[in-house]
Novice: 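Below you'll find the structure I mean.
Starting from 1, each residue takes its place in the sequence as its number.
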Amino acid sequence: MHRSFHTPEQREAKLARGIGNWLKEVGISGRFTQARLGNDEFETPELPFVEQRDGKAHKAMKPLNLGQTTPSAILEHANRWQFRLAEIRRRHLFAGRFLFAVDGTNNDKKRSRAVEEARELLAKAEASVVSYQDKQAVLEFALGD
């Protein structure tokens with residue numbers, strides 16, 4: 001039996017490395033830097049892929065691990081990110097495009113349903129939500145305006 005002892009943060013760092021490699025493959029990794037969105041009053045944790053234009057964040061991508069062990073934990077993690085994005089939008093701190101590349105498919109019916117609910121929740125914050133496994137969709141977002 002194979003077990004993974006990665007924390008959700010370690011899993012998301014691994015997903016970010018994968019996206020970083022895809023960006024390198026198409027020659028646009030230099031357009032993205034690690035950055036926080038927001039200001040002194042409210043900001044997100046550091047995001048691995050933020051594209052700046054004219055000194056402002058134009059586009060951001062966040063790989064999101066939704067592979068937690070319980071449906072509640074999946075929804076809580078998604079809710080935390082939905083709140084962060086909705087709040088920086090409400091405060092007019094980020095008007096750009098945002099992509100969540102979610103990873104969290106599994107064979108458990110309850111957890112799969114929670115992942116779908118989480119995807120819907122994230123979309124409510126005016127974000128594109130794609131599967132991490134959909135490399136083409138991630139790159140289309142990264143390459144697009």
Novice: In terms of hydrophobic clusters joined by side-chain contacts under 4.5 Å, are F100 and L143 together?
Specialist: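 In one cluster: no.
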Novice: For the CG atom of L121 and the CH2 atom of W81, what is their distance to the nearest 0.5 Å?
Specialist: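 Between L121 CG and W81 CH2, I get 13.5 Å after rounding to 0.5 Å.
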Novice: So how far is it from R119 CZ to Q82 CD, rounded to the nearest 0.5 Å?
Specialist: 15.5 Å
Novice: Below 4.5 Å, heavy atoms only, C-beta onward: do R111 and T70 meet side chain to side chain?
Specialist: no
Novice: Is it true that R90 and E87 make a salt bridge, defined as a side-chain N closer than 4.0 Å to a carboxylate O?
Specialist: yes
Novice: Distance from H92 atom NE2 to N39 atom CG, nearest 0.5 Å?
Specialist: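 The distance works out to 12.0 Å.
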Novice: With side chains defined as the heavy atoms from C-beta onward, is the minimum distance between L139 and L23 less than 4.5 Å?
Specialist: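 With C-beta onward as the side chain, the pair touches.
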Novice: Taking the side chain as every heavy atom from C-beta outward, state whether M61 and L47 have any pair of such atoms under 4.5 Å apart.
Specialist: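 In short, these two side chains do not touch, never coming nearer than 4.5 Å.
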Novice: Please tell me if the side chains of V130 and V102 come closer than 4.5 Å, counting only heavy atoms from C-beta onward.
Specialist: no
Novice: Can D145 and R53 be said to form a salt bridge (Lys or Arg N to Asp or Glu O under 4.0 Å), step by step?
Specialist: CA-CA 11 Å; D145 252 351; R53 291 196 186 164; 2.8 Å; yes
Novice: Does the ring centre of Y132 sit less than 6.0 Å away from the ring centre of W22?
Specialist: yes
Novice: Between CD of E140 and OG of S128, what distance do you get to the nearest 0.5 Å?
Specialist: 11.0 Å
Novice: Nearest heavy-atom pair of P63 and I19: which atoms, and what distance?
Specialist: CB-CD1, 4.0 Å
Novice: Would a 4.5 Å heavy-atom cut-off, applied to side chains only, mark L93 and L37 as touching?
Specialist: no
Novice: If hydrophobic clusters are built by linking Ile, Leu, Val, Met, Phe, Trp and Tyr wherever their side-chain heavy atoms come under 4.5 Å apart, do L85 and L99 end up in the same one?
Specialist: no
Novice: Please give me the minimum heavy-atom distance between A101 and V138, naming the atom from each residue.
Specialist: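 The pair with the smallest heavy-atom distance is CB-CG2, 4.1 Å.
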Novice: Just do the side chain to side chain contact (heavy atoms under 4.5 Å, CB included) check on K59 and F32 with the steps written out, would you?
Specialist: CA-CA 9 Å; K59 184 188 313 180; F32 294 89; 4.2 Å; yes
Novice: Within a 6.0 Å radius of atom CD on Q136, are there more than 12 heavy atoms belonging to other residues, nucleotides or ligands?
Specialist: no
Novice: Could R97 and F141 be counted as a cation-pi pair, given that NZ or CZ must be under 6.0 Å from the ring centre and within 45° of the axis?
Specialist: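 Here R97 passes the 6.0 Å and 45° test against F141.
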Novice: Would a single hydrophobic cluster contain both V50 and F42, if residues Ile, Leu, Val, Met, Phe, Trp and Tyr are joined by side-chain heavy-atom contacts under 4.5 Å?
Specialist: yes
Novice: So which heavy atom on P45 is nearest to which on R36, and how close?
Specialist: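 Scanning both residues completely, I find the closest heavy atoms to be CA-NH1, 3.3 Å.
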Novice: I want to check something: taking the side chain as every heavy atom from C-beta on, are L66 and H77 in contact at a cut-off of under 4.5 Å?
Specialist: yes
Novice: Measure the CG-OG distance between N21 and S29 for me, rounded to the nearest 0.5 Å.
Specialist: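 If we round to the nearest 0.5 Å, N21:CG and S29:OG are 9.5 Å apart.
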Novice: Taking the side chain as C-beta and beyond, is there a heavy-atom pair between R89 and F94 under 4.5 Å?
Specialist: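 Yes, their side chains come closer than 4.5 Å.
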Novice: Considering non-hydrogen atoms only, spot the tightest contact between I88 and G38 and give its length.
Specialist: CG2-CA, 4.4 Å
Novice: So which heavy atom on A118 is nearest to which on L75, and how close?
Specialist: N-CD2, 3.8 Å
Novice: Considering non-hydrogen atoms only, spot the tightest contact between A125 and A86 and give its length.
Specialist: CB-N, 4.1 Å
Novice: First locate atom CG of L64, then atom CZ of R80, and finally report the distance between them rounded to the nearest 0.5 Å.
Specialist: 9.5 Å
Novice: Can you confirm whether E12 sits close enough to K62 that some side-chain heavy atom of one is under 4.5 Å from a side-chain heavy atom of the other?
Specialist: yes
Novice: Thinking salt bridges, do R31 and E51 make one under a 4.0 Å N-O criterion?
Specialist: yes
